[in-house]
Number of protein chains: 2
Amino acid sequence: MLSHTEENYLKALLKLSFQNEEKPEAGTNEMAAYLGVKPATATDMLKKLKEKELVTYKKYGKILLTELGRAKGIAILRKHRLWETFLYEKLDFSWDEVHEVAEQLEHIQSPKLVNKLEEFLDFPEFDPHGDPIPRANGELPTVDKVLLTDVKAGESCQVVAVKDTSTVFLQYLEKLQVTIGTLVKVMEVVDFDGSMNIQIASSDPRNVSMKFAESLFVKKKTSVTV
Amino acid sequence: MLSHTEENYLKALLKLSFQNEEKPEAGTNEMAAYLGVKPATATDMLKKLKEKELVTYKKYGKILLTELGRAKGIAILRKHRLWETFLYEKLDFSWDEVHEVAEQLEHIQSPKLVNKLEEFLDFPEFDPHGDPIPRANGELPTVDKVLLTDVKAGESCQVVAVKDTSTVFLQYLEKLQVTIGTLVKVMEVVDFDGSMNIQIASSDPRNVSMKFAESLFVKKKTSVTV
DNA sequence: TATAAAAGTTAGACTAGTCTAACAAATATA
DNA sequence: TATATTTGTTAGACTAGTCTAACTTTTATA
C-alpha cells in the first residue's frame with residue numbers, strides 16, 4: 001500500500017516522462033520543483049521508492065520508473081482523469097475546476113470504484129482536457145494527432161509533439177513560448193501562402209508560416225467553453 | 001483546515017452523541033475504542049481539538065462537541081452519507097460495500113463537490129442504510145420513527161430508540177443483543193396476543209410480546225436486497 | 001468509607017514527511 | 001583543463017500521529 005505522498009511522486013515522475021518521451025528520466029531538482037518540495041526531501045523519498053522497487057535510482061544519477069512504478073503511476077493517472085471526466089460531465093464542473101478536486105479523488109483506494117466509475121461514464125477515452133484516460137489494463141488510447149496545418153480556422157488544439165526537432169526550430173518554439181501541452185487556437189488561415197494567425201495560450205494572435213505549421217503535431221480539442 | 005485524523009475524531013464524537021441523545025458526552029477510552037487507537041493517543045488529540053475550540057474538554061472530564069465542532073462533524077457525516085448514496089444508487093455498490101469507500105470519500109475538500117453531488121442525486125434524505133443525510137444547513141431530516149407494533153409482517157426496520165427506559169427492559173434488550181441500530185425483521189404477527197416473531201440481526205427468529213413491541217421505536221427500512 | 005478497579009494522563013519513543021544548512025559530485029564554461 | 005556553477009546528498013531538526021509503560025484521578029464496591 002502506497003501513501004498519498006508516494007503516489008504523488010510516482011505520478012510526477014510519470015508526468016515528467018511524458019514531457020520528454022525519448023528521455024523519460026528525471027532529476028532530483030526537477031522532481032522537487034514539480035512537487036513543490038525541497039530537493040533534500042525528494043532525495044529521501046526517492047531512496048524509499050527505490051527500496052520498494054518503484055524507481056531505479058542511484059546517487060547523483062537520473063531517476064526512472066520501474067515497470068511496477070509505471071503501472072502504479074498509470075493507475076493513479078487513470079483515476080485522476082476518470083474523476084475529472086465525472087466532475088465535468090456529471091457535476092457541471094468547469095474545465096479549470098476539475099483538476100484540484102481530482103488531485104484528491106485520485107488517491108481513493110477501491111478497484112471496484114474506479115472500474116464502476118469508468119462504466120458509469122461509458123468508457124471515456126479522453127478527459128475534459130483532451131488527455132487520454134489509461135484503460136484498466138494500463139494502455140493509453142492513442143491520441144489522434146495531426147499537423148497544425150490540418151487544423152481549420154476557429155478550431156483549438158494542443159501541441160503534443162514536434163515533427164522537426166532541429167535546434168533552430170526548437171529555439172523558435174521556445175521564443176514563442178510553445179511547449180508540449182501549449183494550447184493553440186487557429187484564428188485565420190491565409191490561403192495565399194498557407195500561413196496562419198494563431199493564438200498561443202492566452203496571448204495575442206500572431207502569424208506563423210506554413211513551414212511552421214507543418215512541423216508541429218497537435219491534437220484537436222473538443223471545443224470546451226471555459 | 002482539519003486533518004483527516006481530526007475529522008475522524010469529530011465524526012466519532014458526533015456518532016457517539018447520537019447513540020445517547022440525552023447524554024451526548026463521551027469518555028476518552030470510549031473515543032479511543034471507537035477509533036481503534038490507544039487512550040493516550042485520544043487524550044493528545046482531544047487537547048488539540050480543545051485548542052481549536054472544537055470540543056469542550058478538561059482533564060478527567062467528559063468530552064462534548066462545541067457548536068463549531070458539531071457543525072464540522074455534521075458536514076463530514078453529510079459527505080459520508082451522500083457518497084454512500086452515490087455508490088449505491090449510481091455505481092451498483094452493495095449495501096455492505098459502501099461504507100468503507102465512503103470513509104475515504106468523506107474527507108474530500110470541495111464545498112462545490114458535495115452540493116453538486118447532492119443535486120445530482122436529487123436531494124436524497126436518507127442514505128442506503130436508512131440514516132438521515134444532513135442538509136447543507138446542517139439540519140437532519142427527521143426519521144419517521146414508529147413503534148415496533150406498527151411494523152407489519154414481512155417488513156424490516158431498524159431500532160432507533162427505546163420508549164421504556166427501565167432497567168429491566170434495557171437488560172432484556174441487552175440479553176437479546178438489541179441495541180440502537182439493530183436490524184429487525186418482523187416474520188409474523190400473532191393476532192391472538194399481539195406478540196411477534198422477529199428476526200434480530202441475522203440470528204434465528206424468536207417471539208416477543210406485544211408489550212415489548214410497544215416499547216421500542218424503530219424506523220422502517222426501504223427493503224434493501226443485500 | 002477505605003480500597004480496589006476503571007478511566008484517564010504523562011513522559012518518552014518511534015515513523016513519515018518535511019525543512020535548513022553545510023557539503024560533495026557532476027557539468028558547463030572561461 | 002581548471003574553476004565556477006549547477007545539481008544532488010547528508011546531517012540534524014521539527015511536526016503530526018501513534019505507541020508503551022508508569023502514574024494519577026475518579027468511580028464502584030466490599
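A, B, ... follow the sequence lines: proteins, then strands. Residue 1 opens every chain. When reading the values below, keep in mind they use all heavy atoms of this one structure, side chains included, and skip hydrogens, waters and symmetry mates.
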Those residues that, when tested against B:Lys62, pass side-chain hydrogen bond (donor to acceptor under 3.5 Å, both in side chains) (two or more places apart): none
Partners of B:His99 by side-chain hydrogen bond (donor to acceptor under 3.5 Å, both in side chains), sequence neighbours excluded? B:His80, B:Glu84, B:Glu103
If a pair satisfies side-chain hydrogen bond (donor to acceptor under 3.5 Å, both in side chains) and one of its residues is in residues 63-79 of chain B, list it, with sequence neighbours excluded. B:Arg78-B:Asn115, B:Arg78-B:Glu118
Return each pair, listed once, that meets side-chain hydrogen bond (donor to acceptor under 3.5 Å, both in side chains) where at least one residue sits in residues 199-215 of chain A; pairs must be two or more places apart or across chains. A:Ser195-A:Asn207, A:Asn197-A:Asn207
Give the table of side-chain donor-acceptor pairs shorter than 3.5 Å for residues 32-47 of chain A, with sequence neighbours excluded, one pair per line with atom names and distance.
| residue | atom | partner | partner atom | Å |
| --- | --- | --- | --- | --- |
| A:Thr43 | OG1 | A:Pro39 | O | 3.1 |

Can you sort out which residues in residues 1-9 of chain A have a heavy atom within less than 4.0 Å of DNA chain C? Ascending by number, please. A:Ser3, A:Thr5, A:Tyr9
Partners passing side chain to side chain contact (heavy atoms under 4.5 Å, CB included) against [X] (at least two apart in sequence or in another chain):
| X | value |
| --- | --- |
| A:Glu7 | A:Leu2, A:Ile76, A:His107, A:Gln109 |
| A:Leu121 | A:Leu82, A:Thr85, A:Phe86, A:Lys90, A:Leu117, A:Pro124 |
| B:Thr179 | B:Thr182 |
| B:Pro205 | B:Met187 |

Might you point out which heavy atoms bring B:Cys157 and B:Leu148 nearest each other, and give the distance in Å? SG-CD1, 3.9 Å
Provide, to the nearest angstrom, the distance between the CG atom belonging to A:Leu49 and the P atom belonging to C:dA16. 12 Å
For DNA chain D, which residues in residues 100-110 of chain A have a heavy atom at a distance below 4.0 Å? none
Could you list all N or O pairs between the protein and nucleotides 5-13 of chain C that sit under 3.5 Å apart?
| residue | atom | partner | partner atom | Å |
| --- | --- | --- | --- | --- |
| C:dG8 | OP1 | B:Thr28 | N | 3.4 |
| C:dG8 | OP2 | B:Thr28 | N | 3.3 |
| C:dG8 | OP2 | B:Asn29 | N | 2.7 |
| C:dT9 | OP1 | B:Tyr57 | OH | 2.2 |
| C:dT9 | OP1 | B:Tyr60 | N | 3.1 |
| C:dT9 | OP2 | B:Thr28 | OG1 | 3.1 |
| C:dT9 | OP2 | B:Thr43 | OG1 | 2.8 |
| C:dT9 | OP2 | B:Tyr57 | OH | 3.2 |
| C:dT10 | OP1 | B:Lys59 | NZ | 3.1 |
| C:dT10 | OP2 | B:Lys47 | NZ | 2.6 |

